[in-house]
Amino acid sequence: MDQNEHHTDAHRRPKKLIFAPGDIAPTSDEPIPEPKPQAILTPTTDQTAPEALRSSTSTPTSTIPETEVLSSAARAHQFGTNPPLTISQIHGTNPLHQFNTWFRDSRLPASSAPETCTLSTASMPSGRVSARVVYLKELDERGWVVYSNWGSREGKGGQVFGLSESGDTLDAMPEPDSEEQPTLTAEMGSGNKWGALTFNWATVERQVRIEGLLEPLSREESEMYWRTRERGSRIGGWASWQSKVLWSAEPEKLEINQRRKSVARLQGVVEDGDSVIPVDIEQTDVEDGRALLELKVKEMEERFAGVEDIPLPPFWGGVRLVPESVEFWQGRRSRLHDRFRYVRVEGEEEGAKWRIQRLSP
């Protein structure tokens, strides 16, 4: 490829708004948020106002007795951090730019990992849905990008791209618009490229929900991010057959594979009442499959010994969720939340046109 061709390809690549946010270290002058004090309950009577019981620091981890919570349901967290969200406060034509604005909110420091999100996919033909927490790594003018191992039959790769007749895994990440898709059987079912991402930023009482189609990035694009990963993460990318079962035990055999006495003592349920932590608690349990993974890691370390630039695995890479709808949710008191949804009506990238809707909470 000559320089002119390379320049043309680079020009076509979607403009990135966010790149690898999880690999950007917090700035040295970034303020460290102070921990919120735990709510303290004082004896109350039936006449105590619900608001006195519900602390402004109420969180799911508060150590309030369950009986106290149930006796005053109004104590459940009430949203009120933000002013009302109105149509004048959101981007008028592009949900990706609106997301970028919320993501850059100064109240979301890098240390809070705002790139954390939940990716949901579904198997076909069963329709069974699964979800896992991943990290957003890029946002460009086409959509949201995450990276992972997509070659496992047991994992999301089989759900999204389907399975071939010849084996349990995809030989490689498919290239965008490639005609070399796996040959599928009725038993295996086809891939289902519909997916969803959910971001939940509890500290600012906001959520973003994206639904759309997953498309693979080109190998060149995936390599750009792969080079930002530390060596150990690259080794791990080669070593892991994601979601493959490494060990299992039937229920009737499970006790044999646990140090039951030690566990019982630690939990304080032994008959003599002795709840002292056992002296052998640091000893290794019976083999439960972890050694297989560590052996694979060792093999990869030996394979790439002396190799400075560990290459991108063929089954590992990025996928982009190209949105069909994007919802911006902001909490309001009494659960009367503000929700605005963009729905694609035509076009792609910056030429896309979006209908904006306010949704009932």
Side-chain angles (χ1 to χ4, degrees), residues 8-21 94-97 99-100 115 117-124 129-132 134-153 155-164 169-184 189-199 208-226 237 242 312-327 342-354:
T8 302
D9 287 343
H11 180 69
R12 291 197 197 106
R13 190 174 298 133
K15 177 183 177 182
K16 295 186 187 301
L17 304 175
I18 298 170
F19 178 72
N94 194 317
L96 293 100
H97 288 284
F99 178 89
N100 190 44
E115 69 274 15
C117 53
T118 300
L119 171 66
S120 301
T121 56
S123 298
M124 297 298 289
V129 179
S130 62
R132 73 286 292 164
V134 296
Y135 286 131
L136 169 72
K137 289 300 181 181
E138 299 172 28
L139 173 68
D140 60 32
E141 291 173 330
R142 278 187 60 76
W144 287 257
V145 175
V146 298
Y147 290 86
S148 188
N149 180 327
W150 299 90
S152 173
R153 172 177 183 167
K156 52 193 174 296
Q159 291 181 320
V160 176
F161 298 116
L163 304 170
S164 66
T169 63
L170 297 165
D171 294 330
M173 284 283 293
E175 285 287 314
D177 303 320
S178 170
E179 296 181 357
E180 299 180 1
Q181 299 293 331
T183 302
L184 306 170
S190 60
N192 176 18
K193 294 183 173 60
W194 281 98
L197 280 175
T198 304
F199 292 82
V208 181
R209 299 173 57 238
I210 307 118
E211 297 177 2
L213 293 170
L214 292 162
E215 62 178 23
L217 267 62
S218 68
R219 186 169 180 83
E220 180 185 6
E221 288 178 290
S222 292
E223 285 175 339
M224 185 185 303
Y225 167 69
W226 177 258
Q242 195 170 78
L312 174 72
F315 49 81
W316 201 98
V319 298
R320 178 188 290 111
L321 183 66
V322 181
E324 290 294 319
S325 69
V326 186
E327 178 191 326
Y342 295 74
V343 180
R344 186 191 297 270
V345 291
E346 61 178 275
E348 295 183 359
E349 299 183 26
E350 290 210 331
K353 295 185 183 300
W354 299 87

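Note that the structure is a prediction, hence the values are computed from the model and not measured.
Within the model, atoms CD of Glu141 and NZ of Lys16 stand 10.5 Å from one another, a figure rounded to the nearest 0.5 Å. Note that CG of Leu321 is 11.0 Å distant from CZ of Arg142, once rounded to the nearest 0.5 Å. Lys137 contributes atom NZ, which lies 15.0 Å from atom CE of Met224 (distance to the nearest 0.5 angstrom). Expressed to the nearest 0.5 Å, how far CD1 of Ile210 lies from CD of Glu324 amounts to 13.0 Å. Between the CG atom in Leu136 and the CG atom in Leu119 there is a gap of 11.0 Å [rounded to 0.5 Å].
Heavy-atom minimum distance, Ala131 versus Ser120: CB-OG, 3.5 Å. Heavy-atom minimum distance, Arg344 versus Pro323: NH2-O, 2.8 Å. The two residues Pro314 and Arg219 come nearest to each other via the heavy atoms CA-NH1, 3.7 Å.
When the ring pair (Phe, Tyr, Trp, His ring centres under 6.0 Å) test is applied to Tyr342, the partners found at least two apart in sequence or on another chain are Phe328. Listed by chain and number, the residues in a side chain to side chain donor-acceptor pair (under 3.5 Å) with Thr118 amount to none (sequence neighbours excluded).
Residues Leu17 and His97 meet the side-chain proximity criterion, which asks for heavy atoms closer than 4.5 Å. When side chains are defined from C-beta on, Ser222 counts as touching Tyr147, because their heavy atoms get closer than 4.5 Å. Inter-residue side-chain proximity for Val326 and Phe99 is flagged as unmet; no heavy-atom pair is nearer than 4.5 Å. In this structure, the side chains of Trp144 and Ile18 stay at 4.5 Å or more apart for every pair of heavy atoms. The shortest side-chain heavy-atom distance between Leu214 and Gln159 does not fall under the 4.5 Å cut-off. In this structure, Trp354 and Val343 have side chains that are not in contact, with every pair of non-hydrogen atoms separated by 4.5 Å or more. Annotation: side chain of Leu217 is in contact with side chain of Val145 (closest heavy-atom distance under 4.5 Å).
With respect to the salt-bridge test (charged N to carboxylate O, under 4.0 angstrom), the residues Glu215 and Arg320 qualify.
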Subject >> From CA spacing to verdict: side-chain contact (heavy atoms from CB on, under 4.5 Å), Cys117, Val134 >> reply: CA-CA 6 Å; Cys117 53; Val134 296; 3.7 Å; yes

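There is a side-chain donor-acceptor pair under 3.5 Å between Thr121 and Arg132.
Between the side chain of Trp226 and the backbone N or O of Gly317 there is no donor-acceptor pair closer than 3.5 Å.
Ring-plane geometry between Phe161 and Trp150 is classed as perpendicular, the angle between the planes exceeding 60 degrees on a 0 to 90 degree scale with a lower cut at 30.
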